[in-house]
Amino acid sequence: MITFDDIKFETHSMGMGVHGKVFFPNGYGLSIVRFNSPFGGGSYTSVDREDYEVGIIKGTEDNWGMCYETDLTDDVLARQSKEDINNIIKHIIRLPKDEND
């Protein structure tokens with residue numbers, strides 16, 4: 001099973017920080033970020049903390065978007081630890097594939 005440690009992170013496009021994505025066979029995935037914007041603000045965490053902001057996504061590496069319609073959440077999940085993210089992964093991979101997609 002995929003865990004947090006399997007996710008590849010790259011430099012975040014909006015400022016100093018990181019962004020990782022992972023996709024699952026059911027069409028869902030996670031976008032995981034931690035960044036500070038040079039213009040102020042950023043994710044619901046920051047690069048000097050050990051937690052992450054997690055968004056549920058749908059699609060593929062080349063064509064994806066945020067998903068706010070799961071039984072887990074209708075928003076992004078702020079201040080998530082690596083352990084929290086592993087639990088989110090377990091939940092997301094169990095979601096049924098959306099046959100309308």
Colleague: Kindly compute the distance separating CD1 (Ile92) from CD1 (Ile2), expressed to the nearest 0.5 Å.
Modeller: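 Between Ile92 CD1 and Ile2 CD1, I get 12.5 Å after rounding to 0.5 Å.
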Colleague: Roughly how far apart are Asp75 CG and Met66 CE, rounded to 0.5 Å?
Modeller: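 One finds 8.0 Å between CG of Asp75 and CE of Met66.
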Colleague: Counting C-beta onward and ignoring hydrogens, is there a side-chain heavy-atom pair between Ser31 and His19 closer than 4.5 Å?
Modeller: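 Yes. Closest side-chain heavy atoms under 4.5 Å.
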Colleague: Just to verify, what does Asp74 make a side chain to side chain contact (heavy atoms under 4.5 Å, CB included) with, not counting sequence neighbours?
Modeller: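 With sequence neighbours excluded, Asp74 shows a side chain to side chain contact (heavy atoms under 4.5 Å, CB included) to no residue whatsoever.
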Colleague: Rounded to the nearest 0.5 Å, what separation is found between the CG atom of Leu77 and the CG atom of Asp84?
Modeller: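 One finds 9.0 Å between CG of Leu77 and CG of Asp84.
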Colleague: Mind listing the closest non-hydrogen atom pair of Ile89 and Thr3 along with its distance?
Modeller: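 Of all heavy-atom pairs spanning Ile89 and Thr3, the closest is CD1-C, 4.0 Å.
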Colleague: Less than 4.5 Å apart, any side-chain heavy atom of Val54 and any of Leu72?
Modeller: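 Counting from C-beta outward, Val54 and Leu72 never come under 4.5 Å.
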Colleague: Looking at every heavy atom in both Cys67 and Tyr28, which two are closest together, and how far apart are they?
Modeller: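 Taking every non-hydrogen atom into account, SG-CE2, 4.0 Å.
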Colleague: Would you give the length of the straight line joining atom CD1 of Ile56 to atom CG of Leu95, rounded to the nearest 0.5 angstrom?
Modeller: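 Taking CD1 in Ile56 and CG in Leu95, the distance rounds to 7.0 Å.
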Colleague: Among residues at least two apart in sequence or on other chains, which ones pass ring pair (Phe, Tyr, Trp, His ring centres under 6.0 Å) with Phe9?
Modeller: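 Once residues adjacent in sequence are excluded, the partners of Phe9 under the ring pair (Phe, Tyr, Trp, His ring centres under 6.0 Å) criterion are Phe4, Tyr52.
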Colleague: Who pairs with Asn63 by side chain to side chain contact (heavy atoms under 4.5 Å, CB included), at least two apart in sequence or on another chain?
Modeller: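 Checked Asn63 against side chain to side chain contact (heavy atoms under 4.5 Å, CB included); matches are Thr60.
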Colleague: Could you measure the distance from the NZ atom of Lys21 to the NZ atom of Lys8? Nearest 0.5 Å is fine.
Modeller: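 Lys21 NZ to Lys8 NZ: 9.5 Å, rounded to 0.5 Å.
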Colleague: Quick check for you: to the nearest 0.5 Å, what is the distance between His91 atom NE2 and Asp71 atom CG?
Modeller: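 Nearest 0.5 Å value for the NE2-CG distance: 3.5 Å.
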Colleague: Considering non-hydrogen atoms only, spot the tightest contact between Met1 and Asp6 and give its length.
Modeller: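 Result for this residue pair: O-OD2, 3.8 Å.
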